[in-house]
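Order of appearance sets the numbers: ligands from 1, and atoms from 1 within every ligand. Residue numbers run from 1 in the order of the sequence given. Computed from heavy atoms alone, side chains included, the values below leave out hydrogens, waters and symmetry copies.
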Amino acid sequence: MTRKELFKNTLRKSVHAWKLINELPLSDDESLMLRHFMDQPGFLDLHWRMFVPAIKGQGTEEQKQKWLPLANKMQIIGCYAQTELGHGSNVQGLETTATFDPQTDQFILHSPTQTSSKWWPGGLGKVSTHAVIYARLITDGKDHGVHGFIVQLRNMDDHSPLPGITIGDIGVKFGNGAYNSMDNGFLMFDKFCIPRDQMLMRLSKVTREGKYVPSDVPRQLMYGTMVSVRQTIVSNASIAMARAVCIATRYSAVRRQFGSQNGGIETQVIDYKTQQNRLFPLLASAYAFRFVGEWLKWLYTDVTQRLEASDFATLPEAHACTAGLKSMTTSATSDGIEECRKLCGGHGYLWCSGLPELFAVYVPACTYEGDNVVLQLQVARFLMKTVSQLGSGKAPAGTTAYMGRAKHLLQCRSSIRKAEDWLNPAMVLETFEARALRMAVSCANNLSKFENQEQGFSELLADLVEAAIAHCQLIVVSKFIVKLEGEIKGKGVKNQLKNLCYIYALHLIHKHLGDFLSTNSITSEQASLANHQLRSLYTQVRPNAVALVDAFDYTDHYLGSVLGRYDGNVYPKLFEEALKDPLNDTVVPDGYHEYIRPLIKQHLRSARL
Ligand SMILES: CC/C=C\C/C=C\C/C=C\C/C=C\C/C=C\C/C=C\CCC(=O)SCCNC(=O)CCNC(=O)[C@H](O)C(C)(C)COP(=O)(O)OP(=O)(O)OC[C@H]1O[C@@H](n2cnc3c(N)ncnc32)[C@H](O)[C@@H]1OP(=O)(O)O
Ligand SMILES: Cc1cc2nc3c(=O)[nH]c(=O)nc-3n(C[C@H](O)[C@H](O)[C@H](O)COP(=O)(O)OP(=O)(O)OC[C@H]3O[C@@H](n4cnc5c(N)ncnc54)[C@H](O)[C@@H]3O)c2cc1C
């Protein structure tokens, strides 16, 4: 499809989905499922995942009563317009202004520079009638920082932009189809006025007289919508990883190369240890991210309930966990999808493998909802704060509880003696805890050598990100272990999950061996025992690998991959797909008479001479 066709088709699908949701009707969870099967980014994502939650989270009761019924019935369509041409990560650096005019009781929205243009918001370019806009609030010449506003963008009769608004699509993005179904947009305000009651005022307010009343709750609650989406992105990472792994695993069982003597049957590529060493950790990651996603959903629900009761104690941890896990899982999944493409050899590069499209649509997850490095630095700040408070009497809680055992973890030596010890949950956990704590403490020690903490932080950014990743990996490993300790129906299933859990943990040890050795969390002998155990786990997973991806229950239609077909009938179907290509409509291609024939004839003539 051309971009225009793709966009229009996505509108058609979205509206059809909305119709089904209402007619059947579907529950929230079922609607989410429908979104997965629709399998295309579109304006509904931003309306439901960001616009509505922003009003719910930051609006007053009156604002919710006014706007939510309209939004819930989709009588208005909204998006989340925060990022600007000049600033995305640095939210405090946004330039759009919202100046209160006491004469008219309105805010005047203005884009003072080109870099202040809103740039990227999904659904903004062509669809949304409304947006939650983030702009610097100015009253009586004073800048109060960034706040949210509900703004109508387009005329409700003919969809034209309202006077004072310039709006459009930012252009083609990475890949052929992929994220191009979405109208990511730009927007400029030219002294555009909105009534005062359209500032989202649950947190801070502007009175009729123009007095600014600051929030009596943490201002970071303004970032709540991002926290909520980051949480869902973790579960989505598992879905995308599982999809790529399903394709690569099934195809690896079909594909044969080498290994035959005297023309006998060749080896299935899945039987090569190198293939297993690349594939099975990704299979394990798909399961691991699902379990940590379930846990994160619980954590998010818990913090939401606490916030409603004005208990803000766990907000920093919820922010650190959602930011860090969003970052870690999306980076691993993007890399994992690309690895799956390579695991499928040349055919993985074909569009009909399903992997190029999956990669193109998935990879912006490393950037949207917070650049992955910027988010890990938030985790690092949280860790440095926690380390600095050790010994102050305030015991670290939740995912940093292990830091409360700093004395032990800083000096303990791993008691792994034989390969099987690497299947001991307590020993594995302690290894990850020791590594994470030692990396964090080492950063904190290095930071303390700087007179200026911010300057020290800047200098140590790369180390801090590594410490943050180590902490996040510990969370994923620990939540997988907790899952195993819970009720799992069927001993066989439990055994398989156990194998995957230890593959996940031991492959991380192998991958980050430098961290584990340099922090003395393990010795090189223990590292080689871990490798030995990993190889043995691969052997145990091998006979069940295809069943473990069948368990994701993806239909062929959803997978959209010739290589990942359930029936394994890959080669005839590759031919079928090839023959569908428009280039094969004619035997002699368009352009033959114009370019190829004259070229060949010229050679023939010169050959005769
Ligand atoms: C699509 C493929 C097909 C199939 C998939 C199938 C289905 C998919 C289904 C649905 C999709 C799901 C979701 C997708 C929906 C939409 C996603 C699409 C598009 C994405 C939209 C966006 O990108 S919106 C824009 C996002 N922007 C960002 O994330 C900006 C990142 N920057 C920031 O968050 C902040 O600026 C910052 C955190 C980096 C820094 O903030 P600030 O400068 O204010 O803070 P400080 O560093 O000074 O810290 C101050 C203290 O505040 C704490 N803090 C910061 N943030 C938070 C927070 N959120 N909550 C709580 N506390 C916070 C910080 O820790 C500091 O604390 P101290 O104690 O140290 O003072
Ligand atoms: C597909 C897609 C959809 C999007 N949808 C929306 C939307 O609906 N609404 C919306 O408001 N926005 C949206 N965005 C914007 C998105 O949220 C931002 O692009 C994202 O937050 C990253 O910000 P940035 O582009 O400013 O990156 P930058 O911050 O400019 O990042 C550039 C580089 O600088 C590095 N960097 C930046 N700051 C630091 C630092 N402090 N320390 C170390 N390194 C740093 C980053 O790691 C990165 O390598 C979307 C983006 C994409 C790609």
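- Residue Tyr80 has at least one N or O atom closer than 3.5 Å to an N or O atom of ligand 2.
- Considering backbone and side-chain atoms together, Gly122 places an N or O closer than 3.5 Å to an N or O of ligand 2.
- Residue contacts with ligand 2 include Glu369, since one of its heavy atoms falls under 4.0 Å from the ligand.
- Only the side chain of Val373 comes within 4.0 Å of ligand 2, counting heavy atoms alone; its backbone N, CA, C and O stay farther away.
- Every atom of ligand 1 with a heavy atom of Val91 under 4.0 Å away is listed here by number and element: 30 (C), 32 (N), 33 (C), 35 (C), 36 (O).
- Listed by number with element, the atoms of ligand 1 under 4.0 angstrom from any heavy atom of Val229 are 13 (C).
- The option from Ala131, Gly88, Ser89 that lies nearest to atom 27 (O) of ligand 2, judged by heavy atoms, is Ser89.
- For Tyr554 and His36, the side-chain atoms include no donor-acceptor pair closer than 3.5 Å.
- The Arg49 neighbourhood of ligand 1 comprises atoms 9 (C), 10 (C), 12 (C), 13 (C), with distances under 4.0 Å to a heavy atom of that residue.
- Nearest protein heavy-atom neighbour of atom 31 (C) of ligand 1: Ser89 O, 3.6 Å.
- With hydrogens left out, the protein atom closest to atom 49 (O) of ligand 2 is Asp371 OD1, 4.0 Å, a heavy atom.
- Under the ring-ring contact (aromatic ring centres under 6.0 Å, His included) test applied with Tyr134, the options Phe149, Tyr80, Tyr223 reduce to a single match, Tyr80.
- Side-chain contact check for Glu84 and Thr96: at least one donor-acceptor pair (N or O, by modelled atom type) lies under 3.5 Å.
- Per-residue contacts place Tyr368 under 4.0 angstrom from the following atoms of ligand 1 (heavy atoms of the residue considered): 19 (C), 20 (C), 23 (O).
- Atom 34 (O) of ligand 2 is never approached by the protein to below 4.0 angstrom, counting heavy atoms only.
- By the 4.0 Å heavy-atom criterion, Tyr179 is counted among the residues contacting ligand 1.
- A donor-acceptor pair shorter than 3.5 Å can be found between the side chains of Ser204 and His147.
- The shell of residues lying under 4.0 angstrom from ligand 1, judged by heavy atoms, excludes Pro316.
- The protein atom (non-hydrogen) at minimum distance from atom 1 (C) of ligand 1 is Arg35 NH2, 3.4 Å.
- Every atom of ligand 1 with a heavy atom of Pro41 under 4.0 Å away is listed here by number and element: 1 (C).
- Taking only nitrogen or oxygen atoms, main chain and side chain alike, Gln82 reaches within less than 3.5 Å of ligand 2.
- Contacts between Leu46 and ligand 2 below 4.0 angstrom, taking non-hydrogen atoms only, involve the side chain exclusively.
- Distance check for atom 25 (O) of ligand 2: every protein heavy atom is found at 4.0 Å or beyond.
- Of the polar atoms of Val374, none of the N or O atoms is found under 3.5 Å from an N or O of ligand 2, judged by distance alone.
- Here atom 50 (C) of ligand 2 lies nearest to Trp120 when heavy atoms of Phe51, Trp120, Phe174 are compared.
- Of all atoms in ligand 1, listed by their number and element, those nearer than 4.0 Å to a heavy atom of Lys385 are 68 (P), 69 (O), 70 (O).
- For ligand 1, the atoms closer than 4.0 angstrom to any heavy atom of Arg219 are 44 (O), 50 (C).
- Within ligand 1, counting atoms from 1 as listed, the ones closer than 4.0 Å to a heavy atom of Val374 are 39 (C).
- Distances from ligand 1 to the non-hydrogen atoms of Gly122 include no value under 4.0 Å.
- At the shortest separation from atom 47 (O) of ligand 1 among protein heavy atoms lies Gln378 NE2, 3.2 Å.
- Other residues, nucleotides and ligands place no more than 12 heavy atoms under 6.0 Å from the OH atom of Tyr349.
- There is a protein heavy atom closer than 4.0 angstrom to atom 15 (C) of ligand 2.
- When distances from atom 42 (P) of ligand 1 to the protein are checked, a heavy atom turns up under 4.0 Å.
- Distances from atom 55 (C) of ligand 1 to the heavy atoms of Glu357, His319, Arg230 show the closest one on His319.
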